[in-house]
Amino acid sequence: MDDAQEGRRNPAIHAEALAAKTTLRRKMTKIRKSMTPEARQAASDQMVERLVKLPAYQNAQTVFAYASMADEVQLDGFIERALSDGKRVAIPWITKKGTMEAVEVTSLQGLETGFYGIRNVPAAERKVIPPEEIDLSIVPGAAFTVEGARLGLGGGYYDRYLGVRAPQAERVALAFDALVFPRPERRKIPMEDHDIWVDVLVTETHVLSFDKKR
């Protein structure tokens, strides 16, 4: 029996994994927040330059990104680039706790602030994009490994959406080098059977591709 199966059958193992994730998430969030705005923007620009050269981006018609919070990888420039390249772009709409939809965005001007302070398209302008039409998803996370493991932000939104509703979408994570564990620590992130892995990891210095796991 593998770790995922054991965790699914044993509530104590699941609780242990949740506790480990929470502790690690707090640690990595502190690291992310410690970056200066200038360093964050410079690293973000480098990631975007690598991202737009990937076949996954160049071949995508519909891209699911996100309107960045202040301490995240900054994606406004990427969204504007994708729109100018003729891509259909969507950002998350939190519909209720644990669930979200992809909503088309045609401009970053006029976005409103919704759940958890996340910018979104005003209610009167929201157009939901079917999950099966998404070709590429830019996946946020608190930490990653060089084998594609991902520590999410705690709500399970992307695990449910991409793992269940849009499994065909190529998953590309943009992450600061400081949030990526090297190979000797690949098991640092406790992955459960419902947790999604990423297909490509882009940092300010590297692009890593992986075999799709979930």
Side-chain angles (χ1 to χ4, degrees), residues 20-60 63-82 85 87 89-92 118 134-155 157-159 161-163 166 169-191 195-214:
K21 289 178 183 178
T22 298
T23 299
L24 183 58
R25 189 177 293 116
R26 288 172 180 164
K27 174 183 176 182
M28 305 310 287
T29 298
K30 288 181 180 178
I31 293 174
R32 189 179 73 221
K33 289 180 178 295
S34 71
M35 298 180 67
T36 66
E38 294 78 14
R40 185 179 297 112
Q41 187 63 60
S44 299
D45 291 344
Q46 290 173 313
M47 293 181 217
V48 169
E49 284 303 308
R50 288 179 167 82
L51 171 59
V52 298
K53 296 176 182 177
L54 296 177
Y57 171 78
Q58 295 175 355
N59 297 331
V63 177
F64 187 26
Y66 55 90
S68 306
M69 305 285 279
D71 62 341
E72 293 182 309
V73 174
Q74 297 300 293
L75 290 183
D76 282 18
F78 168 71
I79 291 174
E80 292 172 348
R81 169 68 181 269
D85 285 342
K87 312 285 187 186
V89 180
I91 57 177
I118 298 172
I134 296 172
D135 302 308
L136 168 64
S137 178
I138 311 303
V139 187
F144 299 87
T145 73
V146 293
E147 292 186 337
R150 168 183 176 266
L151 175 66
L153 300 177
Y157 293 92
Y158 283 84
D159 297 312
Y161 190 86
L162 296 178
E170 188 85 359
R171 304 167 194 164
V172 177
L174 273 60
F176 303 110
D177 278 324
L179 304 183
V180 179
F181 291 109
R183 189 171 301 278
E185 297 184 273
R186 62 185 178 276
R187 294 183 64 81
K188 187 78 172 181
I189 297 175
M191 297 294 287
D195 294 324
I196 62 167
W197 297 64
V198 298
D199 304 317
V200 181
L201 176 62
V202 179
T203 77
E204 58 265 46
T205 60
H206 295 89
V207 175
L208 301 173
S209 297
F210 318 104
D211 294 331
K212 198 175 189 75
K213 296 183 177 67
R214 181 186 183 279

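Only this structure's heavy atoms are used, side chains among them; waters, hydrogens and symmetry mates stay out.
- Closest approach of Phe78 and Ala65 over heavy atoms only: CE2-CB, 4.2 Å.
- Residues that satisfy the side-chain contact (heavy atoms from CB on, under 4.5 Å) test with Asp76, not counting sequence neighbours, are Leu108, Arg119.
- Panel note: side chain Gln74, backbone Met69; a donor-acceptor pair is recorded below 3.5 Å.
- Using a 4.5 Å cut-off on side-chain heavy atoms (C-beta onward), Thr29 and Arg26 make no contact.
- In this structure, Leu136 and Ala60 approach most closely via the heavy-atom pair CB-CB, 3.9 Å.
- For Phe144, the ring-ring contact (aromatic ring centres under 6.0 Å, His included) criterion is met by no residue, not counting sequence neighbours.
- Between the CG atom in Asp199 and the CG atom in Leu54 there is a gap of 11.5 Å [rounded to 0.5 Å].
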Start with the C-alpha gap between Val73 and Met47, add the side-chain angles, then the distance that decides, and say whether side chain to side chain contact (heavy atoms under 4.5 Å, CB included) holds.
-> CA-CA 9 Å; Val73 174; Met47 293 181 217; 3.9 Å; yes
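- Each of Thr145, Ile189, Val198 was evaluated against Arg150; a single residue qualifies, Val198, per the side chain to side chain contact (heavy atoms under 4.5 Å, CB included) test.
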So Leu174 and Leu75, side chain to side chain contact (heavy atoms under 4.5 Å, CB included) or not? Walk me through it.
-> CA-CA 9 Å; Leu174 273 60; Leu75 290 183; 3.7 Å; yes
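- Note that NZ of Lys21 and CG of Asp195 are 3.5 Å apart. Values are rounded to the nearest 0.5 Å.
- Using a 4.0 Å cut-off between a side-chain N of Lys or Arg and a carboxylate O of Asp or Glu, Asp135 and Lys87 do not qualify as a salt bridge.
- Here the closest heavy-atom approach between residue Ile91 and residue Phe64 is recorded as C-CE1, 3.4 Å.
- Taking both residues in full, the closest heavy atoms of Ser209 and Val200 are given as OG-CG2, 4.0 Å, listed atom of the first, atom of the second, then distance.
- How far OG of Ser137 is from OH of Tyr161: 8.5 Å, rounded to the nearest 0.5 Å.
- Using a 4.5 Å heavy-atom threshold, the side chains of Glu72 and Leu153 count as touching.
- Distance check: Gln41 CD to Gln46 CD gives 11.0 Å after rounding to the nearest 0.5 Å.
- Between atom CZ of residue Phe176 and atom OG1 of residue Thr203 there is a gap of 10.5 Å, rounded to the nearest 0.5 Å.
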Side chain to side chain contact (heavy atoms under 4.5 Å, CB included) between Phe181 and Leu24: does it pass, once the steps are laid out?
-> CA-CA 12 Å; Phe181 291 109; Leu24 183 58; 3.6 Å; yes
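- Between Tyr157 and Tyr66, the gap from one ring centroid to the other reaches at least 6.0 Å.
- In this structure, Asp177 and Glu204 approach most closely via the heavy-atom pair N-OE1, 2.9 Å.
- Between Gly152 and Arg25, the shortest heavy-atom contact is O-NE, 2.8 Å.
- With values rounded to the nearest 0.5 angstrom, Ile138 atom CD1 is found 9.5 Å from Tyr158 atom OH.
- Proximity of Asp71 to Met35: side-chain heavy atoms (C-beta onward) are nowhere separated by under 4.5 Å.
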